[in-house]
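So the structure is just underneath, and the comments pick up after that.
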Amino acid sequence: MNTKISIFILFLVTLTIASCTEKIDIKLDESYARLVVDGSITTDTMAHAVVLSSTSSYYYNQPAPPVTGAQVSITDGTLTFDLLEDQAGVYHTAPGVYGIPGHTYTLQIKLAAAIGGQTEFAAVSSINPINKLDSVSLLFHPDWARKGIWEVKCYVQEPPTVDFYRFLVSKNQRMITDTLNEWFVTDDKFFNGSYTNGATIAYLQQGSPEEGLRPGDMVTVEVDNISKEYATFLMEAQAELRGSNPLFSGPPANVKGNISNGAVGFFAAYSATRSSALTP
Amino acid sequence: MQKFLFLFIVIATLLIPFSGRADIPDNGQGKVVLSGYVRDQSNGEMLIGVTIFCSELKTGALTNLYGFYSLSLPAGHYKIRYSYVGFNTQEKELQLDKNLTLDINLQPAESRLGEVVIIGKRTDENVRAPEMSLVKMDIKTIRKVPALLGEIDVIKVLQLLPGVQSTSEGSTGFSVRGGSADQNLIILDEATIHNASHMLGFFSVFNNDAIKDVTLYKGDIPAAYGGRLSSLLDVRMKDGNSKKFGITGSVGTVSSKLTLEGPIVKDRTTFLVSARRTYADLFLPFARDKNVRENKLYFYDLNFKVAHVINENNRLYLAGYAGHDTFKNQFATMGFGNQIGSFRWNHLFSKKLFFNFSLIFSKYNYELGTPEGDANSFKWTSAMRDHSARFDFTHYLTEKHTLRYGATVMYHEFFPGTANGLGSQSAVTEFKLPAEYAFEHSLYASDEYKVTSLLTLKYGLRFALFQNVGPGTYYHYDENNNPTDSSTFKKGDYLNTYSSLEPRMAFTYMVNEVSSVKGSYSHTAQFLTLAQNSTAGTPLDIWFPATPNVKPQLCDQVGIGYFHNLKKNMYEVSAEVYYKNFRNVIDFRDHAMLLLNPYLEGELRIGKGYSYGVETMLRKNEGQLTGWICYTYSRSFRIIPGINDGNRYNAPYDKPHAVNFVANYDISKRVTASATWVYATGLPVTFPTGRAIVGNAIIPIYSNRNAYRMPDYHRLDLSVSLKGKDKPGKKWHGEWNLSVYNAYNRHNAWSINFTQDSKDPNITYAEKTYLFAIIPALTYNFKF
């Protein structure tokens, strides 16, 4: 819902204000280095990844410095999966690993060299169950935007529990929503316990080469039931990435993750379900 | 509601004995009372704050909000001077042996006809008046200041005065002496305006054609008013021309205005109706894009007032305002607006006891939604309403004492938000935040005591009572601000009471004929807070009441000032120093959710704050060149557990240095040129000092709260106005006004964001958004 309000508000701003932007030189201080964790375990059967890097100055202008040589494992108390570094800073489980709804997973990291004065970090996350996505549909609005917009709609029975969702969209098996700020994250405040009946979860720009659809293109929606903490993390991160203005934004603030000992980022455990539709 | 009525009656009964006693003429010691009303000769409007001065006794009085004055004097022969900014001073020689009612008509300074004695246009009111930290603006001065898009705005002119800062570029939101925008009580003919902005804050709700008088109290707030910490902005509408029927209007770049006013019954009843509407959207039908053609984007204001004189001792006023903003496009609709109404009865119990009774209604609401026919279609509404009554007595007791006392009763209704599905296809379920209700009552009394002709003391006490009443649901929170459980209250239940005793004190000491020292102390309490986390705010921000979880915010302010006039009051110089201490000050946690959140109170963080500053001003009110220059140094800080790790941080409106320069030059009888220049330190901001990559996105790691600053703000505005030729017998008076906003085209930063390069996402850079480049505008004003 909050995303919806924000989109809406941004629209009003652009409507109302013919503002201009230009680059500006702003000198920034550099804060101390922190460990950054970006990892997950899901109900999909696959090799699950945890990426370790460190923070840098804001104008670093290069990929994040990887953190190599760490010992990384994920456990639900009975089974423990060790992760192996197959690229600098990228740690994977063995293929064929899957998470189980109702289980709580703990990520443990032991660094070869201390970052921010710490070598050991941990994070805990639980998998909530998810109702299977019945179907998705596509609706084209030729008069929206310049070349039209596709609404991606989904049909699912929402359970009466308080839930949080993330929606990912791919076209012909290729992820369109490939960065955090493109993910649609929402609570169930407006749909709690009811059938969603084609609620819109994404808008695809026909004018964009990445998002535009041709007849026969397959659009796949992945719905993840994520924890409240992860949803909050994502929504806060999205708010920070969206930029701020004096009308609608509160003061910028750090995004709080779930990693111990002052590390940044998130280790998320979640359940996933998918459904596809062919472009008419 | 029954209790409400009960309290109402109790207070009314309590007050009547006062009035009864005052009815007996108290002229025992050979004193006589000179009283009456002071009007503008040209249109019959009552004048507020006219100085009535007896130079033999060096004593005087001011006309009140309804133009009434009363002065007790020993019987004798006096010269009485009536003076007012922008009007020719009148002097009357009077032999006062018994009470005298003398109504005065003052002539606007431009006209030099008539038989009255012209003494000089200026008054020494700023030095002599027992009030400090006060800004009074007459509408003529306001009209001369160059305006954004030619749309003259009362609040934007106030922002050019020391201690008053805009909350962001082009915004009508304002911060007084480091306080937040919601700490200003804004009243229009006694009714509270809960959101004084149009069009996301770029224009205010005040249509200057309907306005007579604007006074801003930055400290030393009269005991009659309370409920906000930092200031009182008292805006009064015109009563309507009592001499002749007239039409004034303007055609501008943004809006057009039309005002009709005149007598209904000669010398008894007048009316005023004023309307303003923007018309940017009237051009939308010409757009090529069909969707753009169906967009809506406008606001309107409608003011009306009827004033009626029943007899010498009784007058009635009925005033109203309605304004609304509408936005609509293919994806969304949004509307918001204020509606207020006030009915007032002025009664003179005697020449020495003036009474006003007001019944006031005020409403603010907004609605937001998407078109029907979609699974996500929704409509979201929010509203708040105030119902209140005021009893205000001004008792001109003796020549030394003027008492003001009275009471207010107020009932607040809050409907913070309801969202519903819209249309049969919508799957959106209803989501409703519980309504809240509260009383806010007060009793006050103050005395203005002229100890000697050199020293005046003002002291008063205000007692405020705030009560949350049922029906309502209140949540309980644990120490981490997470909701635990809730209590539900039935209609008529009193579930919480706060009270506050608010002393207000001030002195004025005349050092010599042309200079004075003034000091004041005031304690204020605020029971309502605006859930606003951004600097400029939006129409969606809602007010929420104090509850058992949210204590009232408190402020103590002390100020001292030196006031000096030069060259027969041609120049006014002033300097004021103030210190404010805030308790229970509210800020919001990082990433606070303020909309449609039933646990809003869990988002609050409560602590303390302080601000201090020096305000200096040089003002010239007479001659071809008029205007002012002022410099303000001020700081404002907050210390709130849970924000910035509990360390002190710069308050959102902390702008250490501010310079304002305003000049108007009358080139000829027909041509006036004006210029304003403003400079201010950039607002405090939080910038990134590091970055982390998560989900392929660059997440900023931030500095301490408000540790950086926006670039300095400065801007020059210019305007020229040309009046039509004045010929005898000509009815139509026209005037062209050409204004240029931001004349040297400075790109003042409205916001600064850090973004990723579109080609290489690893590269990040700072980008500023500016709203206004150089903006010329042309307006035509007319009157007939």
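Just so we're on the same page: letters track the sequence lines, and every chain starts at 1.
Heavy atoms closer than 4.5 Å to chain B are found in the side chain of Glu151(A), but not in its backbone. Ser56(A) touches chain B through backbone and side chain together, each having a heavy atom under 4.5 Å away. The part of Tyr195(A) that comes within reach of chain B is its backbone (N, CA, C, O), which places non-hydrogen atoms under 4.5 angstrom from that chain. With a 4.5 angstrom heavy-atom cutoff, Glu236(A) touches chain B via backbone and side-chain atoms both. Of the two parts of Ser244(A), the backbone and the side chain both hold a non-hydrogen atom closer than 4.5 Å to a non-hydrogen atom of chain B. Only the side chain of Phe233(A) comes within contact range of chain B, with at least one heavy atom under 4.5 Å from a heavy atom of that chain. At a 4.5 Å heavy-atom cutoff, the contact between Phe754(B) and chain A is made by backbone and side-chain atoms alike. Looking at Ser168(B), the atoms closer than 4.5 Å to chain A (heavy atoms on both sides) all sit in the side chain, from C-beta outward. Contacts of Lys153(A) with chain B are made by side-chain atoms alone, with heavy-atom separations under 4.5 Å and no backbone atom involved. Heavy atoms closer than 4.5 Å to chain B are found in both the backbone and the side chain of Val255(A). For Leu241(A), the part lying near chain B is the side chain, with the backbone staying farther off; criterion is any non-hydrogen pair under 4.5 Å. In this structure, chain B has heavy atoms under 4.5 Å from both the backbone and the side chain of Thr200(A). The contact between Ile698(B) and chain A is made by backbone and side chain atoms together, counting heavy-atom distances below 4.5 Å. Only the side chain of Pro711(B) comes within contact range of chain A, judged by heavy atoms closer than 4.5 Å. Neither the backbone nor the side chain of Leu594(B) comes within contact range of chain A; no heavy atom of the residue lies under 4.5 Å from a heavy atom of that chain.
Atom CD1 of residue Ile763(B) and atom CG of residue Asn61(A) lie 5.0 Å apart, to the nearest 0.5 angstrom.
No side-chain N or O of Thr55(A) forms a donor-acceptor pair with one of Arg691(B) less than 3.5 Å apart. Using a 3.5 Å distance cut-off with no hydrogens or angles, the side chains of Glu367(B) and Trp380(B) do not pair a donor with an acceptor. For the residue pair Tyr58(A) / Glu30(A), no side-chain donor-acceptor distance below 3.5 Å is found, with atom types taken as modelled. Side-chain polar atoms of Tyr765(B) and Gln756(B) form no donor-acceptor pair below 3.5 angstrom. With hydrogens and angles left out, the side-chain atoms of Arg746(B) and Tyr713(B) include no donor and acceptor closer than 3.5 Å.
Here Asp590(B) pairs with Arg705(B) in a salt bridge; the nearest charged N to carboxylate O distance falls below 4.0 Å. Using a cut-off of 4.0 Å between Lys/Arg side-chain N and Asp/Glu carboxylate O, Arg709(B) and Asp654(B) are scored as salt-bridged. Checked for salt-bridge contact, Lys23(A) and Glu767(B) miss the test: no charged N lies under 4.0 Å from a carboxylate O.
Interface check for chain A: of the options Pro761(B), Pro688(B), Ala749(B), the most heavy-atom pairs under 4.5 Å are formed by Pro688(B). Contact tally against chain B (heavy-atom pairs below 4.5 Å) for Pro251(A), Ala33(A), Gly243(A): the top residue is Pro251(A). Chain B forms more heavy-atom pairs under 4.5 Å with one residue of Leu234(A), Leu180(A), Thr196(A), Asn192(A) than with any other, namely Leu180(A). Interface summary for chain A: among Asn696(B), Asn753(B), Asp541(B), the most heavy-atom pairs under 4.5 angstrom belong to Asn753(B). If you tally non-hydrogen atom pairs under 4.5 Å between each of Gly265(A), Gly257(A), Ala199(A) and chain B, the highest count goes to Ala199(A). Of all the listed residues (Ala592(B), Ala697(B), Ser751(B), Gly690(B)), the one sharing the greatest number of non-hydrogen pairs under 4.5 Å with chain A is Gly690(B). Counting heavy-atom pairs closer than 4.5 Å to chain B, the top residue among Ile26(A), Val37(A), Asn197(A), Leu28(A) is Leu28(A).
Residue Tyr230(A) forms a ring pair (Phe, Tyr, Trp, His ring centres under 6.0 Å) with just one option from Trp183(A), Phe267(A), Phe266(A), and that option is Phe266(A). Each of Asn644(B), Asp587(B), Asn706(B), Asn650(B) was checked for a side-chain hydrogen bond (donor to acceptor under 3.5 Å, both in side chains) with Arg638(B), and the lone residue meeting it is Asp587(B). Tested against His198(B), the residues Phe299(B), Phe336(B), Phe203(B) include a single ring pair (Phe, Tyr, Trp, His ring centres under 6.0 Å) partner, Phe299(B).
In this pair, Phe772(B) and Phe202(B) present their aromatic rings perpendicular. The plane angle is above 60°, beyond the 30 to 60° band.
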